[in-house]
Trainee: 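This is the structure, below, for whatever I ask next.
A, B, ... follow the sequence lines: proteins, then strands. Residue 1 opens every chain. All heavy atoms count here, side chains included; hydrogens, waters and symmetry mates do not.
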Amino acid sequence: MDYLKGLNEPQYEAVTTLHGPLMVLAGAGSGKTRVLTMRIAHLITNGIDPFNILALTFTNKAAKEMKLRIAKVVGEGNAKSLWMGTFHSVFARILRSEAHYLGFPSNFTIYDTQDSLNVLKKVLKDLNIDQELYKPKKVQARISSYKNNLITVRAYQNNPELIEADERANMKYIGKIYEKYVEQCFRNGAMDFDDLLLRTNELLTRFPEVLARYQDRFRYILVDEYQDTNHSQYLIVKALSSKFENICVVGDDAQSIYSFRGANIYNILNFKKDYPDAKTVSLEQNYRSTQNIVNAANVVIARNKEQFKKNVFSDNEVGDKIKVFRALSDADEANFVANNIWEQHNANQRKFTDFAILYRTNSQTRAFEDALRRKNIPYRVYGGLSFYQRKEIKDLVAYLRLLVNENDSEALLRVINYPTRGIGETTQNKLIVFADSQNVSLANVLDNLGIYAPHLGFNNGVISKLADFWSMIKAFQVMLKTENVYTVAMEVAQRSGLIKFLKDDQTPEGISRVENVQELMNSMQGFIEEQQQLEDGDPSLSSFLENIALSTDQDKKSENEDQVSLMTIHLSKGLEFPVVHLVGLEENLFPSFMSSSTREELEEERRLFYVALTRAEKQVFFSYAVSRFQWGKITDAEPSRFLSEVDEEYIEFLNPVVESRFVNKSGLSSDIFGDNFSEPRFFKKAEKKKLPSSDEPKPLPKNLKPVASAKIINPSGNSSQDIEVGDRVRHDRFGVGEVVFLDGTDPENIKAKVKFVTEGEKNLILKFAKLTKI
DNA sequence: CGCGAAGCTTTTCGA
DNA sequence: AAGCTTCGCG
């Protein structure tokens with residue numbers, strides 16, 4: 001039992017407590033993954049059949065990795081029958097084999113958010129509902145939250161309170177829309193993400209024999225990231241574990257960041273109420289980060305009301321202080337980060353993989369990509385518009401979905417006239433109306449075109465176009481029976497005209513679309529080969545489609561490449577990096593303007609900040625910009641309140657503290673570089689110095705009103721007289737250099753080209769550059 | 001019916 | 001800025 005060596009006391013306890021309910025509160029960096037893997041290994045070495053173990057993880061990648069680590073301890077043969085994966089993938093598989101109970105085909109389609117939105121829009125159109133009043137996205141969110149809380153259509157209709165609430169919100173047709181949407185999905189033989197959980201609940205409650213079967217199979221259940229489970233997931237776990245009660249949940253309430261998709265922090269906060277006999281183990285020693293980082297994170301998270309008492313600590317070195325950089329713009333911020341990474345890469349011999357750039361929103365990515373590319377720094381962006389969400393990929397995938405499940409009308413309508421083949425909107429609408437009136441699927445109408453044609457009022461041209469399209473699909477289906485999936489997909493891409501259509505577009509975007517399709521084909525081939533090698537692999541098309549529907553970007557993280565990682569904070573959960581750049585620390589961005597109105601929302605944003613901070617092992621850089629190009633225009637920004645929540649003792653400012661706190665916002669274009677929200681307002685140290693008389697609580701950044709004139713923006717800045725071409729100057733950040741060029745006559749706006757020894761040439765606006773003559 | 005231009009809206013996080 | 005919808009013409 002070598003694997004038990006080196007565990008600390010609580011870790012040991014968590015690993016060796018095999019029976020009964022157990023809650024492991026694992027602080028950030030406390031060796032949670034290790035405990036989980038060792039615990040499973042320990043179960044197996046103690047004679048528990050791996051077949052009886054179910055482990056639910058947050059990403060499929062985490063599952064894969066943990067399985068590998070377990071295999072190292074107990075041997076591959078033993079680890080194989082272990083069931084490990086995300087809620088969605090595990091229960092999608094179970095639903096496939098039990099689909100007949102629910103009246104679904106076993107090859108049901110899985111709709112992603114976009115697909116489901118498309119279906120919803122069609123429903124709204126069908127019902128003649130004004131999409132201005134019923135914004136599809138809002139409706140979708142509402143339905144999603146019903147599903148996550150197990151409010152089925154029937155439950156909704158029997159609940160006057162809900163109906164009333166929707167009426168008050170001027171959404172009295174929600175119930176009707178909900179009903180239609182569910183009907184449509186059912187008819188399409190499709191489940192959305194929420195259905196995968198909701199239908200599992202339905203399966204387990206309506207069919208006790210099924211529940212008994214899975215209860216008996218999954219005698220030991222482990223749930224990772226329990227703080228981010230929603231009610232639906234909670235009920236599944238509860239139902240499955242209620243017979244043996246060998247349930248181990250692992251989580252950290254301080255890292256609950258998914259309430260927007262229904263995660264319920266009370267699942268973990270109330271675990272003890274659900275299982276009064278539950279044992280609790282707290283892992284409090286952080287092995288990941290320096291003391292400075294851990295302490296800073298603790299101070300911030302302590303502001304949240306709702307939480308377990310924990311004392312996370314680190315025995316590592318004290319470490320560097322967190323460095324804070326104030327940038328002039330988003331581009332400036334990105335340059336700072338890129339420079340910093342470049343310097344550290346050279347000076348400290350850090351690999352690029354050691355760095356992560358974490359941000360709140362995906363739209364922040366671009367500036368960093370530009371800056372990194374300019375410096376030739378290799379990077380990889382995770383998340384964002386994921387590969388499988390690209391239009392060209394979705395189009396090809398829609399064809400494939402249609403082959404597997406021809407009732408999937410969403411897929412059918414997506415491809416019936418793409419590439420265009422003369423089956424326009426009018427024709428499509430006639431088809432839809434007719435199919436509805438006969439209560440059959442679109443596929444059924446196309447199957448029996450000969451019989452239905454007289455009732456459809458199509459001319460011969462349209463009929464033959466429809467027949468051609470459908471016989472093409474049928475031919476693909478026949479091919480699928482004998483040929484390998486890759487071959488069929490290739491045939492689809494070519495015969496449908498998709499490839500040709502894409503190739504006709506020779507713009508850079510068009511070329512990249514063709515490449516993307518190629519990449520999809522490659523990944524398909526890879527998938528098939530991999531599945532063929534696995535003993536229990538499934539190289540079928542529907543298996544491939546399920547795989548991509550549930551794949552996360554993290555899942556395909558490429559190893560062995562020395563690249564800087566760019567991702568949202570949400571995606572970074574569970575990862576760690578030696579150096580973390582947490583960027584865009586501005587009010588309305590982080591915390592997000594969408595989540596700043598209630599205490600609960602703000603606390604979740606704060607937990608997000610905590611997650612970001614605790615990703616770092618050695619060093620953290622905070623940065624924010626005072627102006628940012630956003631939504632098509634330049635917007636002023638104010639430092640995030642979270643900056644002021646970190647005690648000054650853990651922080652070091654890279655920019656000099658600026659004398660003036662004020663700037664004139666009226667008139668001058670240079671206002672965007674204003675220092676009006678510089679540190680003195682927000683940090684105790686500076687405040688004590690500059691505002692000795694002020695005992696008032698710090699104002700929220702929102703309320704700040706800039707006053708005074710632009711003249712005193714930067715007393716330490718340079719006027720035109722000070723600096724001349726040929727002068728040797730020092731810059732706080734770029735070091736020593738020589739002025740090679742001056743440009744402009746307006747003293748407010750003189751630009752200086754300075755050649756720095758280490759940094760090369762920079763174009764600076766003299767007024768702000770704070771150059772010192774030497 | 002198909003295409004492109006014009007106009008309009010909408011901005012978080014993601015299985 | 002980007003995505004989506006609408007509109008008008010060939």
Trainee: B:dT12, OP1 or OP2 - any side-chain N/O from A:Asn588 closer than 4.0 Å?
Mentor: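 For B:dT12, OP1/OP2 do not have a side-chain N/O of A:Asn588 under 4.0 Å.
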Trainee: Please check the phosphate of B:dC13 (OP1 and OP2 only) for any side-chain N or O of A:Asn362 closer than 4.0 Å.
Mentor: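 Result: yes.
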Trainee: Can you measure A:Gln389 atom CD to C:dG3 atom P for me and round it to whole angstrom units?
Mentor: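 Whole-Å distance recorded here is 12 Å.
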Trainee: To the nearest angstrom, how far is A:Phe590 atom CZ from B:dC13 atom P?
Mentor: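 Atom CZ in A:Phe590 sits about 12 Å away from atom P in B:dC13.
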Trainee: Quick one: label A:Lys391 by what it contacts on the DNA or RNA (base, sugar-phosphate, nothing), any heavy atom closer than 4.0 Å.
Mentor: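 Here A:Lys391 touches no strand at all.
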Trainee: Can you tell me, in whole Å, how much space there is between the C1' of C:dT5 and that of B:dT12?
Mentor: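 After rounding to an integer number of Å, I get 24 Å for this pair.
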Trainee: Answer yes or no for this row: A:Tyr258 ring on B:dC13 base, centroids under 5.5 Å, planes under 30°.
Mentor: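 It does not: the two rings, one from A:Tyr258 and one from B:dC13, miss the stacking criterion.
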Trainee: Any non-hydrogen side-chain atom of A:Glu333 less than 4.5 Å from a side-chain atom of A:Val583?
Mentor: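 Side chain of A:Glu333 against side chain of A:Val583, heavy atoms only: contact under 4.5 Å found.
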Trainee: What's the shortest heavy-atom distance between A:Ala169 and A:Arg142, and which atoms?
Mentor: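 Scanning both residues, the minimum pair turns out to be CB-NH2, 3.7 Å.
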Trainee: For A:Met567 and B:dG14, give me the distance from atom CE to atom P, rounded to whole Å.
Mentor: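 To the nearest whole Å, that distance equals 11 Å.
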Trainee: Quick one: A:Asn417 CG to B:dC3 P, roughly how many Å, whole number?
Mentor: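 A:Asn417 atom CG is separated from B:dC3 atom P by 8 Å.
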Trainee: Under 4.0 Å between any heavy atoms, over every strand shown, what does A:Ile257 touch: base, sugar-phosphate, or nothing? Just pick one.
Mentor: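 Result for A:Ile257 = nothing.
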Trainee: Quick one: on DNA chain B, does A:Thr568 or A:Glu132 contact a more 5' nucleotide (nearest heavy atom)?
Mentor: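 The 5'-side residue here is A:Glu132.
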Trainee: Please give me every residue in residues 601-609 of chain A whose heavy atoms get under 4.0 Å of an atom in DNA chain B, ordered by residue number.
Mentor: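 Hits under 4.0 Å, by residue number: none.
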Trainee: With under 30° as parallel and over 60° as perpendicular, where do the rings of A:Tyr258 and A:Phe260 fit, or are they tilted in between?
Mentor: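 Rings of A:Tyr258 and A:Phe260: tilted, as their planes differ by 30° to 60°.
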Trainee: Does A:Arg390 put a side-chain nitrogen or oxygen below 4.0 Å from OP1 or OP2 of C:dG3?
Mentor: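 Looking at the OP1 and OP2 atoms of C:dG3, neither is under 4.0 Å from any side-chain N or O of A:Arg390.
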Trainee: List DNA chain B stems (3 or more consecutive Watson-Crick/G-U pairs, under 3.5 Å)?
Mentor: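 The stems are B:1-10 with C:1-10.
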Trainee: Taking atom types as modelled, find out whether A:Asp636 and A:Ser627 have a side-chain donor-acceptor pair closer than 3.5 angstrom.
Mentor: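 A:Asp636 vs A:Ser627: no donor-acceptor pair found between side chains.
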Trainee: Measure up the A:Phe642 and A:Phe609 rings against each other and bin them: parallel (under 30°), tilted (30 to 60°), perpendicular (over 60°).
Mentor: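 Ring orientation of A:Phe642 relative to A:Phe609: tilted.
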Trainee: Can you find a pair of side-chain heavy atoms, one from A:Gln630 and one from A:Leu589, that are under 4.5 Å apart?
Mentor: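 With C-beta onward as the side chain, the pair touches.
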Trainee: Where the side chain of A:Arg366 is defined as all heavy atoms beyond and including C-beta, which of C:dA1, B:dG14, B:dT10 is the nearest nucleotide?
Mentor: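 Among the listed nucleotides, the one closest to the side chain of A:Arg366 is C:dA1.
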Trainee: Starting from C1' on B:dA15, measure out to CD on A:Gln114 and report it in whole angstrom.
Mentor: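 Atom-to-atom, A:Gln114 to B:dA15, this comes out as 15 Å.
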Trainee: For A:Lys465 and for A:Phe593, find the nucleotide of DNA chain B with the closest heavy atom, then tell me which residue's nucleotide is more 5'.
Mentor: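 On the 5' side of the pair lies A:Lys465.
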Trainee: Does the cation-pi check pass for A:Arg390 over A:Tyr388, that is, NZ or CZ under 6.0 Å from the six-membered ring centre and within 45° of its axis?
Mentor: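 No, A:Arg390 does not sit over the ring of A:Tyr388.
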Trainee: Would you check if the side chain of A:Thr365 reaches a backbone N or O of A:Asn362 as a donor-acceptor pair within less than 3.5 Å?
Mentor: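 Between the backbone of A:Asn362 and the side chain of A:Thr365 there is a qualifying donor-acceptor contact (under 3.5 Å).
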Trainee: So, does A:Lys121 get its side chain near the phosphate of C:dC4, meaning an N or O under 4.0 Å from OP1 or OP2?
Mentor: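 Answer no for this pair, as no side-chain N or O of A:Lys121 is under 4.0 Å from OP1 or OP2.
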Trainee: What is the distance, to the nearest angstrom, from the OH atom on A:Tyr359 to the C1' atom on B:dT11?
Mentor: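 After rounding, the gap between these two atoms is 17 Å.
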Trainee: Would you say A:Thr420 reaches B:dC3's phosphate, i.e. side-chain N/O to OP1/OP2 under 4.0 Å?
Mentor: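 Answer is yes, contact under 4.0 Å.
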Trainee: Going by atom types alone, do A:Glu586 and A:Ser640 pair a side-chain donor with an acceptor below 3.5 Å?
Mentor: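 Absent: no donor and acceptor within the cut-off.
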Trainee: Looking only at heavy atoms, which two atoms of A:Ile94 and A:Trp83 are closest? And how far apart?
Mentor: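 Taking A:Ile94 first and A:Trp83 second, the nearest heavy atoms are CG1-CH2, 3.7 Å.
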Trainee: For A:Lys147 and B:dG14, what is the distance between atoms NZ and P respectively, to the nearest whole Å?
Mentor: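 Between P of B:dG14 and NZ of A:Lys147: 21 Å.
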Trainee: Figure out the NZ/P separation between A:Lys573 and B:dA15, and round it to whole Å.
Mentor: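 Going from A:Lys573 (NZ) to B:dA15 (P), I get 11 Å.
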Trainee: Kindly say if A:Ser89 contacts the phosphate of B:dA15, meaning a side-chain N or O under 4.0 Å from OP1 or OP2.
Mentor: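 Looking at the OP1 and OP2 atoms of B:dA15, neither is under 4.0 Å from any side-chain N or O of A:Ser89.
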Trainee: Which class fits the ring pair A:Phe104 and A:Phe108: parallel under 30°, tilted 30 to 60°, perpendicular over 60°?
Mentor: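 Perpendicular.
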